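Each remark here refers to the structure printed beneath this line.
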Amino acid sequence: HRKRPEAQRRETPQHWGSSPVCQGQCLYCLLRNQAPRRDVVFLLDGSDGTRSGFPAMRDFVQRVVETLGVDENRDRVAVVQYSRDPAAQFYLNTYTTKGEILNTVRGLRHKGGRPLNTGAALQYVRDNVFTVSSGSRRIEGVPQLLILLSGGRSFDNVDTPASALKELGVLIFGIGTRSSDSRELQRISHDPSYALSVSDFTDLPNIQQQLLSSVEAVVIEVTKDVVFLVDGSDGTRNGFPAMRDFVQRVVGKLNVGGDKDRVSVVQYGRDQEVHFYLNTYTTKEDILDTVRSLRHRGGRPLNTGAALQYVRDNVFTASSGSRSQEGVPQMLILLSGGRSSDNVDIPASALKESGVLIFGIGTRNSKLQKISYDPSYALSVSEFTDLPNVQQQLLSAMSTVIVQAPRRDVVFLLDGSDGTRSGFPAMRDFVQRVVETLGVDENRDRVAVVQYSRDPAAQFYLNTYTTKGEILNTVRGLRHKGGRPLNTGAALQYVRDNVFTVSSGSRRIEGVPQLLILLSGGRSFDNVDTPASALKELGVLIFGIGTRSSDSRELQRISHDPSYALSVSDFTDLPNIQQQLLSSPHISTDVVFLVDGSDGTRNGFPAMRDFVQRVVGKLNVGGDKDRVSVVQYGRDQEVHFYLNTYTTKEDILDTVRSLRHRGGRPLNTGAALQYVRDNVFTASSGSRSQEGVPQMLILLSGGRSSDNVDIPASALKESGVLIFGIGTRNSSREVQRIATDPSFSQSVSEFTDLPSVQEQFFSSLITVQVEATPITPTVIGKNGCAPRRDVVFLLDGSDGTRSGFPAMRDFVQRVVETLGVDENRDRVAVVQYSRDPAAQFYLNTYTTKGEILNTVRGLRHKGGRPLNTGAALQYVRDNVFTVSSGSRRIEGVPQLLILLSGGRSFDNVDTPASALKELGVLIFGIGTRSSDSRELQRISHDPSYALSVSDFTDLPNIQQQLLSSVEAVDVVFLVDGSDGTRNGFPAMRDFVQRVVGKLNVGGDKDRVSVVQYGRDQEVHFYLNTYTTKEDILDTVRSLRHRGGRPLNTGAALQYVRDNVFTASSGSRSQEGVPQMLILLSGGRSSDNVDIPASALKESGVLIFGIGTRNSSREVQRIATDPSFSQSVSEFTDLPSVQEHHVNIFSVLFLKLLVDQSIARKDVVFLLDGSDGTRNGFPAMRDFVQKVVEKLTVEENRDRVSVVQYSRESEAHFYLNTYTTKEDVVDTVRGLRHKGGRPLNTGAALQYVRDNVFIASSGSRRLEGVPQILILLNGGRSFDNVDTPASALKELGVLVFGIGTRSSDSRELQKISYDPSYALSVSEFTDLPNVQQQLLSAMSTCHCTGHNHDTNSNTNNTR
């Protein structure tokens, strides 16, 4: 790739920095470090108000584009113009040359129109321009820049879409005129300094330089330790002056200083000489003076290996000035003129392992690729006099190595209550000492401190200070707060809601580790479990430090795991545990290697085996550190060892060394992927996915699979496994599809080339920060069919229950009788225990009620003592609630454990009970008078789930009580009582009564609260005020309209989140009970509703909204999804929506069983209207008509949409345009062929995903209605189809592809849901031949179509 220096200078933009803006993880910058890459989008105000200024805006865009290095692999540009609606003039992947872009920009016409909807335009660029299909390289880590030119105040809300863009990592620059709203522009921009202003657009040239410098300033300056290792042997005598000059020129570009860049120079030949160490000089002048006077040493032979070892042991050390312990990147620049006469591999590996980045620069004789950190870091010159040619390349590579510096967000939470007065100075000193060890900087470590007693107070946030000095000054000046009682729970909640947030400087969404260090000197007065869990779900790593006055068990429960809870006798002993704390964070990983051992890899197998050894060599293996498993496959699979087989690196390496190639054919990669999902990534095989440990699969595949790989690969990804793939030229495209993301796959021509990708691969492995998403149990039935539950009975079979056992057995039978047992409905398992547990059968042993009842009838009492209930609970967690035993937990199916225990446990029950609850298991405990009722309450989901009988013969009395607890809802009505609803209020009150009438009210069944609001809020009653339907209805009947103005809906939403959906007000959200808010709003709010509505949704509340014509759009925004909102012209029309509303309840929570005989489908036809289908189009049109004729088109049955595409896509009508078959058929008859080229099927698939399969276009995906796409295609696509097709499948859309002989049949199979869904005809006139086949396939989608989607649907609603 190297260019002549002048070419390089010409292509390097003058104004924009030479290294990319590293937003988030910078792996890509590291791997592709030649030139900076940016995706730049211009968003231009084209409304009526900018007509005269538009030519100046156009010129400005041209001038900025002139400074860019436009190229597919460098800078990309898009332009969008907007007024009322936005329109893309061209996308990031439309043009690949600067000339094309400038031509198009010159020809831009002013759009015109009003009003100015900047919010909608920002949302548009987020959803349609910063996307993979439009050419954005965001997921490759390429900086995303948006330059907005706006000439007026926006008519719509800009905050939500601007925040959404920032969350995506887009850097927004806002440029406005005196007609703009400067505060609005500041809110939109990345930060206020990114908002620039001109009096009018003709003054744009004046700020061009300011804009370009701002962009440059975003480039992160990295502090570095740089060591030059210079070959001074006999062979470089002539080249030495050029090497010396090169070192001078590179040093000239560095920012030298004691706390900036440090430099050392070492010369070597047979042995080594240090000219100066990293801490010898602190000024650039001193370094340059010494380098100028360097003399060539001479000598032979050339021992590069010994020199590498020497710098590792003597220069990259703290005593020589290395700051590697502080996270400063360590770089070695090796200038070598010949082949080494000793071994270089071992010392080079040792340097890399210790984190040193090696850049190798040499002449043709030196073998530098092996030594360099990555082959791309090895630069070559024919003579050392050519060194200037690679200087720029080296500097850009060096400037992108930001990755190496660790980044952490560290929050200290200090107990400042009355009890810690004397210990507070020691706590303050401790914080100072820990901060001293951090690399504080805006782009490295950030620190916040919060002090609490009764209430918490932030002393400073993560983004308050950017230097260590400022933080230490503030910490020194901290004053003890005082106060009581100690509310640690409230303080944990406070840091979650107010400190670990983007606005307070948290970089959680960029994958930066979040650490909380709690110093607490007493037992908390309030509940700590819920807020601690909420922090852990956010991915915060909590360290708890307490004294002898603290409650050590409480601290263990708060901490990430018990080993993260540290204890001192009092705070003056804190220095003793400082080291222990700092060494703790290591992200453990479970790594499974899946190695192709088929006939095709016989020659490559030794190299694959070596690769596995080398990667394992880099891991930190141990039972609670990294775990490894190796599986070999061909026709079938063989597990060499599981994740829990070995706990030492030595054992693993020994076994790997002795692996033999298995051979066999064909190669079934799909079956192997399914096998590891079901048998290796399971708790019983040692997987810790349930504990949030990242799960990784490394696939080495040497050929194309003979079975389907897409479905099992998707299943692995859905269960949270990160897949890295390495393939050869035969398998690389398939491996890309299997990998989590194409960037997670690598290709080698032969497996013997594996060493060349090893470092690159390993760095990607390290930089993948996994956020383990906790899975919330949900109660949605598959396809709105019957409920699904996994029910496990755990029976005490110890000596003490001999006489009661028959009654326990009968009880299990009676409960099973009430269940709908079936593989896809309820599943049952039974475990009996005394000293040890034994599974009688698992969740997937039987699929019929008869088999289960027969087995239960035959159960024999086990006997034995003592009673170890703790061990039994742990056993069911590890062996029964697992995928391999039939648990469907990861599909969101409720997990229930019913424990029948007749005595006090001999062992500890708390830890395993907590572990089950963390897994989302709902535990019911049933005991007798011999049991320990408090123990049972602690085990149970909450004390109300612990039931008691005098002895087991009384079990029938509580059977009903148990069964009714399984389903419940907490429903809050938020009713607008402002001046504007005076007339409609009686109708609203009646509506609330009718909905309550449908609920199953009771303390442990459905709970109801009613809040009325206007200017402020009034709670009529909380969720725990009434436990009978009568009391609720009486109170509702007597409600009076409050009146008042203005209408503050935002404040009311915030109020119910903070005061009603709380445990103290009766909310059972922590127990997994669905939380619903039903909002009745009659007008537009006078405050901001978006932020509090988002907060409610994030906390898992489902919001249903009913509005009038004045409020319906706002209510749609507030609701969980637009389909969860309804509109009435007046509240007196409420009875018409009430039935529909209860129907939403029934879909989501099965309060009423939906009549399964009603099949419903959303069917979208996507028709190729390009030039190539002109003759076939009438036949396509007839085919659509005939298929529609067979459907039951109605609003609540089948819905139809038709889209035609060629270069662009056009919707003829949406799913909610027509509600009768006649209207659909009439419109289809009148369709005209569109024409145009090329054929962009990928863009069309993306278009239907983003614009048709959405609630606002009539899709009922979130209600569980099957989504079907029928593609009629007559040619090969001009663009990429894989990404958008996968995106549709992830959404749960069933894609049928129908093509002709001109189509690419493999492309069609890739697009289709499954290859069998791709149908083929020779011409479109033959379509009637496949019509029946299509209709039969569609009819089976009725209850299977969107299984795939049940989970994603759930996650979306939460």
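Only a predicted model underlies this, so the values are computations on that prediction, with no experimental measurement involved.
- Of the possible donor and acceptor atoms, one in the side chain of Lys1029 sits under 3.5 Å from a partner among the backbone N and O of Gly997.
- Nearest heavy-atom pair, Gly977 versus Gln1012, reported as atom, atom and distance to 0.1 Å: CA-OE1, 3.3 Å.
- Among all heavy-atom pairs drawn from Lys1097 and Ala1119, the shortest one is NZ-O, 3.2 Å.
- Contact of the Leu1047 side chain with the Arg1084 side chain is not registered, since no non-hydrogen atoms from C-beta on lie closer than 4.5 Å.
- Checked by atom type and distance alone, the side chain of His1041 never pairs as donor or acceptor with a backbone atom of Asp979 at under 3.5 Å.
- In this structure, Glu817 and Lys849 approach most closely via the heavy-atom pair O-NZ, 2.8 Å.
- Using a 4.5 Å heavy-atom cutoff, the side chains of Val791 and Ile898 are in contact.
- Between Ser1086 and Asn1048, the side chains place a donor N or O and an acceptor N or O closer than 3.5 Å (distance only, hydrogens not considered).
- Residues Leu538 and Arg496 are in side-chain contact: their nearest non-hydrogen atoms beyond the backbone lie under 4.5 Å apart.
- Exactly one residue among Asp1006, Val971, Asp970 makes a side-chain contact (heavy atoms from CB on, under 4.5 Å) with Leu1023. That residue is Asp970.
- Of the possible donor and acceptor atoms, one in the side chain of Asp1087 sits under 3.5 Å from a partner among the backbone N and O of Ala1051.
- When each of Asp1034, Asp1031, Thr1035 is checked for a side-chain hydrogen bond (donor to acceptor under 3.5 Å, both in side chains) with Tyr1026, only Thr1035 meets the rule.
- A side-chain donor-acceptor contact under 3.5 Å links Thr1062 and Ser1065.
- A donor-acceptor pair under 3.5 Å is formed between the side chain of Ser1099 and the backbone N or O of Ala1095.
- A donor-acceptor pair is defined here as one N or O able to donate and one able to accept, closer than 3.5 Å; no such pair exists between the side chain of Ser1257 and the backbone of Phe1253.
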Take Asp1016 and Arg1042, measure what salt bridge (charged side-chain N to carboxylate O under 4.0 Å, His left out) needs, and give me the verdict at the end.
CA-CA 10 Å; Asp1016 49 21; Arg1042 296 178 74 230; 3.2 Å; yes
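- Side-chain polar atoms of Gln1267 and Ser1259 form a donor-acceptor pair below 3.5 angstrom.
- Under the 4.5 Å side-chain criterion, counting only non-hydrogen atoms from C-beta, Leu492 is in contact with Leu535.
- No more than 12 heavy-atom neighbours from other residues, nucleotides or ligands sit within 6.0 angstrom of CZ on Phe155.
- Considering CD1 of Ile1118 and OG of Ser1085, their distance stands at 7.0 Å, rounded to 0.5 Å.
- The CZ atom of Phe973 sits 11.5 Å away from atom CE of Met988, with the distance rounded to the nearest 0.5 Å.
- Interatomic distance, OG1 of Thr488 versus CG of Asp526, reported as 6.5 Å (0.5 Å rounding).
- Put simply, the side chain of Val812 reaches to within 4.5 Å of the side chain of Val816, judged on heavy atoms.
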Which is it for Gln1075 and Ser1067 under the side chain to side chain donor-acceptor pair (under 3.5 Å) test, yes or no, and what are the steps along the way?
CA-CA 8 Å; Gln1075 306 290 290; Ser1067 159; 2.7 Å; yes
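- Looking at Asp529, its side chain never comes within 3.5 Å of a backbone N or O of Ala532 through a donor-acceptor pair.
- At least one side-chain heavy atom of Leu1077 sits under 4.5 Å from a side-chain heavy atom of Leu974.
- With rounding to the nearest 0.5 Å, the separation of CD1 in Ile1106 from CD1 in Ile1078 is 7.0 Å.
- The shortest distance between side-chain heavy atoms of Thr1219 and Val1193 does not fall below 4.5 Å.
- Scanning both residues, Gln895 and Asp790, for their nearest heavy atoms gives NE2-OD2, 2.8 Å.
- Asp976 and Gly1083 get closest at one heavy-atom pair: OD2-N, 3.8 Å.
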Could you please spell out the steps behind the side-chain contact (heavy atoms from CB on, under 4.5 Å) verdict for Arg1037 and Arg989?
CA-CA 7 Å; Arg1037 275 185 209 103; Arg989 196 171 52 205; 5.9 Å; no
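- Going from atom CD of Gln1054 over to atom CG of Asn1059 covers 9.0 Å, rounded to the nearest 0.5 Å.
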ring-ring contact (aromatic ring centres under 6.0 Å, His included) assessment of Tyr494 paired with Tyr452
CA-CA 10 Å; Tyr494 175 86; Tyr452 77 103; 10.0 Å; no
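- Listed for the Arg1199 side chain is a donor-acceptor partner under 3.5 Å among the backbone atoms of Gly1258.
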Is there a side-chain contact (heavy atoms from CB on, under 4.5 Å) between Val1001 and Lys1005 once you walk through the steps?
CA-CA 6 Å; Val1001 176; Lys1005 299 177 196 149; over 6 Å; no
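- Closest non-hydrogen pair, Gly1002 versus Arg1007, comes out as O-CG, 4.0 Å.
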Before you tell me yes or no, could you show the steps for Glu1114 and Val1089 under side-chain contact (heavy atoms from CB on, under 4.5 Å), namely the whole-Å CA-CA distance, both residues' side-chain angles and the distance that decides it to 0.1 Å?
CA-CA 8 Å; Glu1114 184 178 270; Val1089 298; 4.0 Å; yes
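- Judged by distance alone, the side chain of Thr1108 and the main-chain N or O of Gly1082 form a donor-acceptor pair under 3.5 Å.
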Show the numbers, then the answer: is there a side-chain contact (heavy atoms from CB on, under 4.5 Å) between Ile1032 and Phe1021?
CA-CA 9 Å; Ile1032 291 172; Phe1021 50 91; 3.8 Å; yes
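- Rounded to the nearest 0.5 angstrom, Arg1117 CZ and Ser1111 OG are separated by 11.5 Å.
- At least one donor-acceptor pair under 3.5 Å links the side chain of Ser940 to the backbone N or O of Leu936.
- By the 4.5 Å heavy-atom criterion applied to side chains, Tyr1013 and Ser1081 are counted as neighbours.
- Around CZ of Arg1113, the count of heavy atoms belonging to other residues, nucleotides or ligands within 6.0 Å does not exceed 12.
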